[in-house]
**Q** 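I have a structure I would like to understand better, so I am pasting it below and will then ask my questions one at a time.
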Amino acid sequence: MVGGWPGEIAVAERRSVRIAEYFESLTDPRRREVTYPLVNIVVMALCAAPGGADDFVAIADWAREKKQWLAKCLDMSSGVPSHDRFNAVFAALNPAEFEKYLLSWIAALHEATSGQVIAIDGKTLRRSFDAASSKAAIHMVSAWATANHISLGQVATDEKSNEITAIPKLLKILEIQGCLVTIDAAGCQREIARRVVEQGGDYVFTVKRNQRKLHDAIRDFFDQHLEDDCRSIPCRRHTSREKGHGRRDERYYYLAASPTTFP
């Protein structure tokens, strides 16, 4: 199922991606006189993580090794904090506030252009079930920029059934102007479609039997028109052929205008 505003093209203006600019308003939780500027700590951590630094010891080691490079954009006169200092500062930050600025920066890295595909999907995190407290496994709904290979945001839910309420929350924090949003059958809801269009995006939803009337209407429509190879209606086609995992897949796509009689 495809929807949106046909023919409307929106191109995002190129924005700065300097980390310091996006975190300059982040609240510093430290009350005493500080030795290391908060922006330095954030920039070091965000630059170290893509380089494989997966804990505060590794972040501090990376920053010391790259001190001269960091000095090109930061005031490094105070040096590099210890791993304990990194730990203490990040533990004291307001998570929601930090997430807001982080997502804003990530969105700037992802230059949203007309037709860019953003895939929204939900996955249950492995080994997240807490047997001791019988707490359910964590289910995460995330948005992925397929061309740039960047995660644009994520929202945690207790169960897969809560994806319907999590997806609107995720869309709210995303910049989807001019983008194509794809969602599986769990997200095939009128409210979600409306929100995508209101934010200037288009959508492609999977339709299954959780939307029985719509599913049957689409099936019956194509059953009827495929009998004459869609000669009686405007219809675009595409075929893909892929090999992998020991099999060969052929997929046939048919795109036609939605009839006014659809549910």
Side-chain angles (χ1 to χ4, degrees), residues 10-113 116 118 120 140-145 147-156 166 168-179 198-201:
V11 179
E13 295 181 1
R14 183 174 294 276
R15 295 178 288 174
S16 168
V17 294
R18 288 174 58 87
I19 300 174
E21 293 182 16
Y22 287 86
F23 288 89
E24 61 184 0
S25 299
L26 180 65
T27 303
D28 193 332
R30 297 168 293 179
R31 293 293 176 260
R32 300 177 181 177
E33 184 177 353
V34 300
T35 303
Y36 307 100
L38 180 60
V39 67
N40 284 24
I41 294 174
V42 171
V43 170
M44 291 177 196
L46 292 182
C47 289
D54 56 2
D55 59 27
F56 293 116
V57 173
I59 290 173
D61 289 343
W62 181 92
R64 281 190 288 270
E65 183 179 336
K66 302 293 184 179
K67 184 177 178 180
Q68 290 185 345
W69 178 78
L70 290 167
K72 294 179 180 180
C73 59
L74 299 175
D75 177 5
M76 296 295 294
S77 58
S78 298
V80 175
S82 68
H83 67 275
D84 287 332
R85 188 64 60 89
F86 273 107
N87 190 2
V89 171
F90 273 96
L93 289 175
N94 182 316
E97 185 187 17
F98 182 82
E99 180 187 42
K100 180 181 71 173
Y101 293 123
L102 178 63
L103 291 177
S104 179
W105 174 63
I106 290 174
L109 292 176
H110 156 71
E111 186 177 355
T113 56
Q116 173 78 304
I118 298 176
I120 294 181
M140 194 72 71
V141 180
S142 59
W144 181 255
N148 296 22
H149 302 286
I150 295 175
S151 176
L152 302 177
Q154 57 188 17
V155 174
K169 294 178 182 178
L170 180 58
L171 288 172
K172 188 176 181 180
I173 63 176
L174 297 177
E175 172 56 60
I176 60 173
Q177 179 79 23
C179 297
E198 285 181 351
Q199 292 183 219

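Please read all numbers here as calculations on a predicted model, not as lab measurements.
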**Q** How many angstroms lie between atom NZ of K72 and atom NZ of K66, to the nearest 0.5 angstrom?
**A**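 Those atoms lie 10.0 Å apart.
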**Q** Is it the case that the side chain of S78 and the backbone of Y36 share a donor-acceptor pair, with hydrogens and angles ignored and the cut-off at 3.5 Å?
**A**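 No, S78 side chain to Y36 backbone: no donor-acceptor pair under 3.5 Å.
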**Q** Just verifying a value: how many Å separate L102 CG and L46 CG, rounded to the nearest 0.5 Å?
**A**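 Reported value, rounded in 0.5 Å steps: 6.0 Å.
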**Q** So which atom in G153 and which in L174 form the shortest heavy-atom distance, rounded to 0.1 Å?
**A**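 Of all heavy-atom pairs spanning G153 and L174, the closest is N-CD2, 4.4 Å.
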**Q** Locate the shortest heavy-atom distance separating L26 from L38; write the atom from each residue and the value.
**A**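 Closest heavy-atom pair between L26 and L38: O-CD2, 3.6 Å.
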**Q** So, Q116 side chain and G178 main chain: donor-acceptor pair closer than 3.5 Å or not?
**A**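 Such a contact is absent between Q116 side chain and G178 backbone.
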**Q** Would you say E198's side chain and G200's backbone share a donor-acceptor pair under 3.5 angstrom?
**A**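 No: the side chain of E198 does not pair with the backbone of G200.
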**Q** What is the minimum heavy-atom distance between P81 and M44, and which atoms define it?
**A**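 Result for this residue pair: CD-SD, 3.9 Å.
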**Q** How long is the span from the CH2 atom in W144 to the CD atom in Q154, to the nearest 0.5 Å?
**A**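 Separation between the atoms: 11.0 Å.
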**Q** Under 4.5 Å between any side-chain heavy atoms of S104 and E175, yes or no?
**A**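 Sidechains of E175 and S104: no contact.
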**Q** How long is the gap from CG on N87 to OG on S82, to the nearest 0.5 Å?
**A**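 Going from CG on N87 over to OG on S82, the span is 9.5 Å.
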**Q** Side chains of L171 and I120: does their closest heavy-atom pair fall under 4.5 Å?
**A**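 Yes, side chains in contact.
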**Q** So how far is it from S77 OG to N40 CG, rounded to the nearest 0.5 Å?
**A**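 The distance works out to 8.5 Å.
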**Q** Mind checking what makes side chain to side chain donor-acceptor pair (under 3.5 Å) contact with D28, not counting sequence neighbours?
**A**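 Result, side chain to side chain donor-acceptor pair (under 3.5 Å) vs D28: R30.
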**Q** Among pairs that include at least one residue of residues 44-85, which meet ring-ring contact (aromatic ring centres under 6.0 Å, His included), considering only residues two or more places apart or in two chains?
**A**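 Found F56-F90.
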**Q** Counting C-beta onward and ignoring hydrogens, is there a side-chain heavy-atom pair between V57 and F86 closer than 4.5 Å?
**A**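 SC-SC contact between V57 and F86 ruled out.
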**Q** Let me confirm one number: the OH-CD distance from Y101 to E24, rounded to the nearest 0.5 Å.
**A**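 CD of E24 is found 9.0 Å from OH of Y101.
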**Q** Do you know which two heavy atoms are closest between V80 and A60, and how far apart they sit?
**A**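 That would be CG1-O, 3.9 Å.
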**Q** Using every non-hydrogen atom in the two residues, find where A166 and V141 come nearest and quote the distance to one decimal.
**A**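 For A166 versus V141, the nearest heavy atoms are CB-CG2, 4.0 Å.
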**Q** Could you tell me which residues satisfy salt bridge (charged side-chain N to carboxylate O under 4.0 Å, His left out) with D75, sequence neighbours excluded, listed by chain and number?
**A**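 Salt bridge (charged side-chain N to carboxylate O under 4.0 Å, His left out) check on D75 returns nothing, list empty.
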**Q** Kindly give the heavy-atom pair with the smallest separation between C47 and I19, and that separation in Å.
**A**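 Where C47 meets I19 most closely, the heavy atoms are SG-CD1, 4.0 Å.
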**Q** Does the side chain of V42 come within less than 4.5 Å of F98's, by heavy atoms?
**A**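 SC-SC contact between F98 and V42 confirmed.
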**Q** Strictly distance-based, threshold 3.5 Å: is any side-chain N or O of E97 a donor or acceptor partner for the main-chain N or O of T27?
**A**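 Checking the backbone N and O of T27 against the side chain of E97, a donor-acceptor pair under 3.5 Å is found.
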